[in-house]
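Report on the structure given below.
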Number of protein chains: 2
Amino acid sequence: MIPEIDRIRTLLTAAGCAWTRPRAQVLAVLTAVAHPLRVEEIHRRLGDPRINLSSVYRALHLFHRLNVVRRLLLGDGAARYELAEAYRGHHHHLVCDACGRIEDVSRCPLEGRDLGAALGAAAAFAVRSHSLELFGL
Amino acid sequence: MIPEIDRIRTLLTAAGCAWTRPRAQVLAVLTAVAHPLRVEEIHRRLGDPRINLSSVYRALHLFHRLNVVRRLLLGDGAARYELAEAYRGHHHHLVCDACGRIEDVSRCPLEGRDLGAALGAAAAFAVRSHSLELFGL
DNA sequence: GAGGATTTGCAAACGATTTGCAACGGCCAA
DNA sequence: TTGGCCGTTGCAAATCGTTTGCAAATCCTC
Ligand SMILES: [Mn+2]
Ligand SMILES: [Mn+2]
Ligand SMILES: [Zn+2]
Ligand SMILES: [Zn+2]
């Protein structure tokens, strides 16, 4: 099926983790949508009502640890998840202050910037990733 | 006393809000430290044990609404607060993936960037603020 | 200092997330 | 293909940070 899912399945196997129905379905949901989803939303979209909400949480934890998904915290109480950079590409988000709508920005405003220079004194710091959200209207 | 606190007090008054002991002490804590604090930490540092944790939450809400403090969500369960841009200047944070230590970066890697250009299609979006955190070691 | 409006302390409610545990189901070896 | 082991799940209860209702305390204006 979808090549990303195959890649991820292989990755799970390599990490010694089982390929189970909850995990597969959570991934199916995440690959099917274009924007970050709350856990509750992911759970609701699973084809299978037998799957428990806590299994979704556990799957997302595992995926996050294996860098399969990215977790976003946008200020309302709930975390949002989307496929990680390796599967959806590096991008950032516009968050509307008024209605809360979220949109992707594929061009990274940091590209070409020498982050090391910006750090200055804290040169001992090796940047591994960054999180950038733009808020507005 | 500290000029920032006077400014903020004036601002509260202008907004029709009272200058009360909990609010003053929360501000005193925030102006005294250089890094973002969790609500629980702020509460612990108040000189006065009579002040209730929920008053700290309420004070921080008010301050956040009036743009006196900034709220940071760094991925562990708890929000962190620090004085807002107008009082501490625009800056970002380094977050250590290993130990969780947080450090300020005063140079903004976005300065001089035309965010509008980076947005591309979503030109209808007016960026009012941005949040950038750098993760690494 | 008195009056009325705001704010506080307290304790209970809340929503998101995590956890213990017994039943279950992938996965590998036979 | 089957058997069985060990990781995984469903379920319900616990936890955590945060919010809220309400009566009492505090602030601000006069
Ligand atoms: Mn996205
Ligand atoms: Mn800071
Ligand atoms: Zn970027
Ligand atoms: Zn900046």
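Side-chain atoms are counted along with the backbone in the values below, which use heavy atoms only and exclude waters and symmetry mates. Chain letters run A, B, ... following the sequence lines, proteins first and then strands; every chain starts at 1.
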### Query
Roughly how far, to the nearest 0.5 Å, is CD of E103(B) from NE2 of H35(B)?
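CD of E103(B) is found 11.0 Å from NE2 of H35(B).
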### 5' priority, DNA chain D, between V56(A) and A79(B) [closest heavy atom]
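Residue closer to the 5' terminus by nearest nucleotide: V56(A).
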#### Entry: Nearest-nucleotide 5' precedence on DNA chain D, I51(A) against R21(B)
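Looking at DNA chain D, the more 5' nearest nucleotide goes with I51(A).
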Atom-pair distance ([atom1] on [X]; [atom2] on [N]), nearest Å:
{"X": "L53(A)", "N": "dA13(D)", "atom1": "CG", "atom2": "P", "answer": "16 Å"}
{"X": "D76(A)", "N": "dC14(C)", "atom1": "CG", "atom2": "C1'", "answer": "16 Å"}
{"X": "R23(A)", "N": "dG25(C)", "atom1": "CZ", "atom2": "C1'", "answer": "12 Å"}
{"X": "R71(B)", "N": "dT19(D)", "atom1": "CZ", "atom2": "C1'", "answer": "12 Å"}
{"X": "D48(A)", "N": "dC24(C)", "atom1": "CG", "atom2": "P", "answer": "16 Å"}
{"X": "L73(A)", "N": "dT17(C)", "atom1": "CG", "atom2": "C1'", "answer": "13 Å"}
{"X": "R38(A)", "N": "dG15(C)", "atom1": "CZ", "atom2": "C1'", "answer": "11 Å"}
{"X": "H61(B)", "N": "dT6(C)", "atom1": "NE2", "atom2": "P", "answer": "20 Å"}

Considering just the side-chain nitrogens and oxygens of [X], establish if one lies under 4.0 Å of OP1 or OP2 belonging to [N].
{"X": "Y57(B)", "N": "dT18(D)", "value": "yes"}
{"X": "R50(A)", "N": "dG10(D)", "value": "no"}
{"X": "N52(A)", "N": "dT9(D)", "value": "no"}
{"X": "T20(A)", "N": "dT9(D)", "value": "yes"}

#### Entry: Residue whose closest nucleotide on DNA chain C lies nearer the 5' end, S54(B) versus L62(B)
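Of the two residues, L62(B) wins.
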### Task
Compute the centroid of each ring, for H92(A) and then for H130(B), and state whether the two points are separated by less than 6.0 Å.
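Here the rings of H130(B) and H92(A) have centres that are no less than 6.0 Å from each other.
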### Query
Only one of V68(B), L60(B), I8(B) forms a side-chain contact (heavy atoms from CB on, under 4.5 Å) with L30(B), so which one is it?
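With L30(B) as partner, V68(B), L60(B), I8(B) yield a single side-chain contact (heavy atoms from CB on, under 4.5 Å), made by L60(B).
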### Carboxylate-amine/guanidinium contact D76(B) R80(B), below 4.0 Å
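Salt bridge present between D76(B) and R80(B).
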### Query
Is the shortest side-chain N to carboxylate O distance from E41(B) to R44(B) below 4.0 Å?
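The answer is no: the pair does not qualify as a salt bridge.
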### Query
When you measure from the side chain of A78(B), which nucleotide among dC27(D), dG17(D), dG9(C) comes out closest?
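That would be dG17(D).
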### Task
Among dC27(D), dC27(C), dT9(D), find the nucleotide with the atom closest to the side chain of S55(A).
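Ranking dC27(D), dC27(C), dT9(D) by closest atom to the S55(A) side chain puts dT9(D) first.
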#### Entry: Base dG7(D) to side chain R58(A), donor-acceptor N/O within 3.5 Å cut-off
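Such a pair does not exist between side chain and base.
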